[in-house]
Amino acid sequence: MGILERLSYSRKFLVLTFLILYVDILYLTATFKLETIIICTAIAAITLLYHAYYTKEHRSEREGIALLTFVLLSMSLGAITGAIINPALGPAFYTVTMTVAAILILFSVTKLSRI
């Protein structure tokens, strides 16, 4: 097992990922400027794509669903906290859209893993 594999599956790395996504979405929703949207969405996408690739290559579908639920929780908490800080209409719509998209992805992945 290589260093990246051990690091990616450790609890400390999962907590770090949770914090990165939480702060990323919190900052995105709280400031809600075009530059922030571009940068924070890129950070979240890179983090999520890395975990999706790693889970697909090295872990089972159940662990992928568990990781996706964990990511959904961190993104939702960050979005809710950011919406409380900045209660404008734009961040609220962005928050709802991201949460609904993440829930739809979670349900589709769950149904695909049962096939």
Side-chain angles (χ1 to χ4, degrees):
M1 187 187 282
I3 293 174
L4 284 177
E5 292 173 1
R6 277 188 260 146
L7 178 69
S8 296
Y9 201 58
S10 70
R11 290 182 185 153
K12 291 177 185 176
F13 186 74
L14 289 176
V15 170
L16 178 65
T17 302
F18 180 84
L19 288 176
I20 287 172
L21 287 174
Y22 175 78
V23 170
D24 183 52
I25 300 301
L26 168 70
Y27 182 69
L28 169 67
T29 317
T31 58
F32 207 66
K33 297 178 185 175
L34 182 61
E35 300 85 24
T36 308
I37 293 172
I38 293 169
I39 293 170
C40 291
T41 304
I43 290 171
I46 290 169
T47 306
L48 296 175
L49 287 173
Y50 172 74
H51 278 297
Y53 168 76
Y54 182 79
T55 304
K56 180 179 177 259
E57 292 295 318
H58 300 287
R59 301 292 172 214
S60 68
E61 291 85 14
R62 293 173 121 189
E63 291 176 0
I65 292 170
L67 181 64
L68 189 58
T69 304
F70 181 73
V71 164
L72 174 65
L73 177 68
S74 67
M75 291 175 69
S76 299
L77 287 175
I80 290 169
T81 310
I84 290 171
I85 293 171
N86 184 10
L89 194 59
F93 281 131
Y94 185 83
T95 302
V96 169
T97 304
M98 278 188 81
T99 305
V100 167
I103 289 171
L104 289 175
I105 290 170
L106 178 65
F107 283 133
S108 64
V109 168
T110 304
K111 289 189 181 212
L112 287 175
S113 69
R114 291 181 188 165
I115 295 175

key: Heavy-atom neighbours of Y27 OH exceed 12 at 6.0 Å   = no

request  = State whether the side chain of S74 and the backbone N or O of V71 hold a donor-acceptor pair below 3.5 Å, judged by distance alone.
outcome  = yes

request  = Any chance you could measure L34, atom CG, to I39, atom CD1, to the nearest 0.5 Å?
outcome  = 9.5 Å

message = Apply side chain to side chain contact (heavy atoms under 4.5 Å, CB included) to residues I85 and L26 and explain how you reach the verdict.
response = CA-CA 9 Å; I85 293 171; L26 168 70; 3.7 Å; yes

message = Please report the interatomic distance CD1(I43) to CD1(I20), rounded to the nearest 0.5 Å.
response = 8.5 Å

message = So does F93 get a backbone contact from the side chain of T97, meaning a donor-acceptor N/O pair under 3.5 Å?
response = yes

task = Enter the distance from N86:CG to L28:CG here, rounded to the nearest 0.5 Å.
result = 10.5 Å

key: Pairwise distance OH(Y94) to CD1(I37) - rounded to 0.5 angstrom   = 6.5 Å

query = What distance separates I80 CD1 from Y22 OH, expressed to the nearest 0.5 Å?
reply = 9.5 Å

inquiry  = When you compare the side chain of F70 with that of L21, does any pair of heavy atoms fall below 4.5 Å?
reply    = no

